[in-house]
There are 2 protein chains.
Amino acid sequence: MTRVLVVDDEPQIVRALAINLRARGYEVCTARDGGEALQVAAARLPDVVILDLGLPRLDGIDVIGGLRGWTNMPILVLSGRSDSMHKVDALDAGADDYVTKPFGMDELMARLRAMLRRNTGAESTPAVEFGDVRVDLAATRVTVNGEEVRLTPTEWRLLEALVRHPGKLRSQRQLLTEVWGPGYETAQGNLRLYMAQLRRKLEVDPARPRFFLTDPGLGYRFQP
Amino acid sequence: MTRVLVVDDEPQIVRALAINLRARGYEVCTARDGGEALQVAAARLPDVVILDLGLPRLDGIDVIGGLRGWTNMPILVLSGRSDSMHKVDALDAGADDYVTKPFGMDELMARLRAMLRRNTGAESTPAVEFGDVRVDLAATRVTVNGEEVRLTPTEWRLLEALVRHPGKLRSQRQLLTEVWGPGYETAQGNLRLYMAQLRRKLEVDPARPRFFLTDPGLGYRFQP
DNA sequence: GAAGACTGTCAGGATCCCGTCAGGATGGAC
DNA sequence: GTCCATCCTGACGGGATCCTGACAGTCTTC
């Protein structure tokens, strides 16, 4: 889950942000001043920071500097000042975006999504693991016991269609249209063929599959 | 030098931006409408795009979509509309920042710096090494056993497209749009040709490549 | 117990894909 | 104009991939 650190000294703003963020599925942690912000950031390692510039004690610019000394997590600055000098200072100090109060919640959330989208491009690849098999969906790569296994395009599409819905039954019709495209709903012999191929390459005992199960008369199921 | 693509149909804004950008050491190229923007972006491969939303003919949102189909270069949107709906739409379509007109030049430049900083900072791989080959992405330079190897522009773009995603499969479609620009998705003979050229120049045994692997039916992969 | 439906397996040929080569087109340097 | 590098198109052979059809085994149903 994506974790957001909200730094502001006004409780009502913190509460409003937290409610909206949680409603959208983010995990929220908070800090009331600059010192606490640096502490919480180091302890909880949020994916993004929303930082009010008008903080007591420690100046907002210094908080940015304190964060940038050891991390490049995205920082979105909130501020009541709309003069460009403050914006330039904050951005050049290392902030990634600058929103002036009062702000629209929709816009703030959209800017947050934009920042996160840019950052997750380099994140670790999502992978599905079961038994000795590891399926790296982002890299389009399959390994068994660390050794790479070569899959043909059709085998890969079928594997993807199964693995993307763990535990769920996928009907023959669904699999056929997903792998071979619409119009191939009757080529069930094909499905059996490639299913066997997948099991031969990925199952320990292809005759008695543990992960790629058959629901007779219905379809197949990936059981991790 | 950092290259900026400015897209706007109002000449005075283009000129003002170009003057300010050049004064700060950027290289500037321009486009007057959406179609030209996509064309220039593919041909010149700018480091960042400044895009006016109020374009004739092709809608700004569609331009964002057209760019995001094959590149993730930063996009800064300019717009006369300040209502949050347009901001949200543009940001969710793939824009990285949204500035409403009239804008302060200082602020715009600061936002530009912030975007560029993020992009070059996350990169952190100015050079890639594998076997006897060293690819210097920053300097556009390739050496094998210390000796410089000359690459043509197309060869270089292909190498870059592969090397920037180590281990990941890159589909033929991805490579074609990234190297030749959108609209060249069917020129697969080309891809094979330049792939062979790259292997001939960089692989020890071009017939049995170790780093530039092919996944039949899917695409190619750089394996360091 | 028999019939039918369903699944897993095997083999064979058609098709597609990849690497390679040659040749023409384009554009810039001199 | 000539030379040169680069880019693109088309064609060919070898190999991998895909599809079709047939057969045996298993389970359900009558």
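Chain letters run A, B, ... following the sequence lines, proteins first and then strands; every chain starts at 1.
Among all heavy-atom pairs drawn from A/V88 and B/D106, the shortest one is CG2-O, 3.5 Å. Annotation for B/E160 and B/R164: closest pair OE2-NH2, 2.8 Å, computed over non-hydrogen atoms.
Salt bridge annotation for B/R113-A/D96: absent, with no cationic side-chain nitrogen under 4.0 angstrom from a carboxylate oxygen. In summary, A/K201 and A/E155 engage in a salt bridge, as defined by a charged side-chain N under 4.0 Å from a carboxylate O. Note on B/E178 versus B/R173: no salt bridge recorded, every NZ/NE/NH1/NH2 to OD/OE distance being 4.0 Å or above. Salt bridge status for A/D47 with A/R117: absent, with no side-chain N to carboxylate O gap under 4.0 Å.
In terms of the salt bridge (charged side-chain N to carboxylate O under 4.0 Å, His left out) criterion, B/D132 has no residue partners (sequence neighbours excluded). For B/E107, the salt bridge (charged side-chain N to carboxylate O under 4.0 Å, His left out) test picks out A/K87, B/R111, with sequence neighbours left out. For B/R134, the salt bridge (charged side-chain N to carboxylate O under 4.0 Å, His left out) partners at least two apart in sequence or on another chain are B/E129. In this structure, the salt bridge (charged side-chain N to carboxylate O under 4.0 Å, His left out) partners of B/K101, at least two apart in sequence or on a different chain, are B/D8, B/E10, B/D52. The side-chain contact (heavy atoms from CB on, under 4.5 Å) check on A/F211 picks up A/F130, A/E203, A/F222, with sequence neighbours excluded.
One interatomic measurement links the two molecules: CG of A/L213 to C1' of C/dT7, which rounds to 14 Å at whole-angstrom precision. Rounding to whole angstrom units, CG of residue A/L191 and P of C/dC6 are separated by 14 Å.
Residues from residues 217-224 of chain A lying near DNA chain C, meaning a heavy-atom separation below 4.0 Å, are A/G217, A/Y220 in numerical order. Taking a 4.0 Å limit (strictly below) on heavy-atom distances, residues 196-212 of chain B reaches DNA chain C at B/A196, B/R199. For residues 152-177 of chain A, proximity to DNA chain D is found at A/T152, A/P153, A/T154, defined as any non-hydrogen atom under 4.0 angstrom from a strand atom.
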(message) For a quick check, with a 4.0 angstrom heavy-atom cut-off, what is the B/S/- contact string for nucleotides 24-30 of chain C, read 5' to 3'?
(response) -------
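For residues 142-151 of chain A, the side chain to side chain donor-acceptor pair (under 3.5 Å) pairs, not counting sequence neighbours, are A/R141-A/E148.
In terms of position on DNA chain D, the residue among B/Y194 and B/P216 whose nearest nucleotide sits closer to the 5' end is B/Y194.
Across the helix from C/dG1-D/dC30 to C/dC30-D/dG1, the helix axis at one end is tilted relative to the axis at the other end by 30° (nearest 10 degrees, each axis from five pairs).
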Distances for protein N or O near nucleotides 9-15 of chain D N or O, under 3.5 Å:
none

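A donor-acceptor contact shorter than 3.5 Å is absent between the side chain of A/D215 and the backbone of A/L218.
In the model, B/Y184 has no side-chain atom that pairs as donor or acceptor with a side-chain atom of B/T177 under 3.5 Å. B/R15 and B/Q12 share no donor-acceptor pair across their side chains, judged by distance under 3.5 Å alone. Looking at A/D89 and A/H86, their side chains never bring a donor and an acceptor atom within 3.5 Å of each other. Looking at B/R24 and B/N20, their side chains do bring a donor and an acceptor atom within 3.5 Å of each other.
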(message) Test side chain to side chain contact (heavy atoms under 4.5 Å, CB included) on B/D97 and A/D97; report intermediate values, then the result.
(response) CA-CA 8 Å; B/D97 204 345; A/D97 204 344; 3.9 Å; yes
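Side-chain N/O atoms of A/W180 include none lying less than 4.0 angstrom from OP1 or OP2 on D/dC18.
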